[in-house]
Chemist: 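Below is a structure I'd like to ask you about.
All figures in this text were calculated on a predicted structure; none of them were measured in a lab.
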Amino acid sequence: MKYLFAAVLALGTVAGFSAAEAAGGCGPGWHRGPYGGCQPNRRVVVRPAAPVVVVRPAAPAVVVRPGRVCPYGTVWRYGRCRAY
């Protein structure tokens, strides 16, 4: 009799769990986020890699530093705009 009771208890425990409880109570297709809210599961899509095409640049890039622009009547000296 006690084996029958143990078997019924074990089956009831296993049958009580479902996918919604395994997902944190959010339901199938959802999971708990870092702040406790339900978020949809994202599917991972694997696409084949495209062939690599190497293109030679026409000319190297030239970077020019813009000049300082001070208001009329001032010049750039000692790290800031100063009057003449």
Side-chain angles (χ1 to χ4, degrees):
M1 189 63 153
K2 63 182 170 179
Y3 290 115
L4 178 63
F5 178 72
V8 170
L9 183 64
L11 288 175
T13 303
V14 172
F17 291 110
S18 65
E21 290 180 34
C26 293
W30 294 77
H31 68 279
R32 290 277 180 193
Y35 299 108
C38 293
Q39 296 178 349
N41 293 339
R42 294 186 181 101
R43 292 190 304 163
V44 177
V45 178
V46 178
R47 296 181 183 155
V52 177
V53 179
V54 178
V55 178
R56 184 175 166 207
V62 178
V63 178
V64 178
R65 183 176 173 201
R68 302 284 183 180
V69 179
C70 293
Y72 182 74
T74 61
V75 292
W76 182 260
R77 285 193 203 146
Y78 308 113
R80 65 182 190 142
C81 292
R82 296 184 183 256
Y84 296 145

Chemist: Could you work out the complete set of other residues in the hydrophobic cluster of Tyr78, with links drawn between I, L, V, M, F, W and Y side chains under 4.5 Å apart?
Modeler: none
Chemist: For Arg82, is the CZ atom crowded, meaning more than 12 foreign heavy atoms sit under 6.0 Å from it?
Modeler: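 Counting other residues, nucleotides and ligands, CZ of Arg82 exceeds 12 neighbours.
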Chemist: Would you please name every residue forming a side-chain contact (heavy atoms from CB on, under 4.5 Å) with Cys81, sequence neighbours left out?
Modeler: Cys70, Pro71, Thr74, Trp76
Chemist: Please give the remaining members of the hydrophobic cluster of Val75, linking ILVMFWY side chains under 4.5 Å, ordered by chain and number.
Modeler: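 ILVMFWY cluster around Val75 also holds Tyr84.
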Chemist: Just wondering, do Arg32 and Cys38 contact through their side chains at under 4.5 Å, heavy atoms?
Modeler: yes
Chemist: Given 3.5 Å as the limit, does a donor-acceptor pair link the side chain of His31 with the main chain of Gln39, or not?
Modeler: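 The answer is yes, because a donor-acceptor pair under 3.5 Å joins these two groups.
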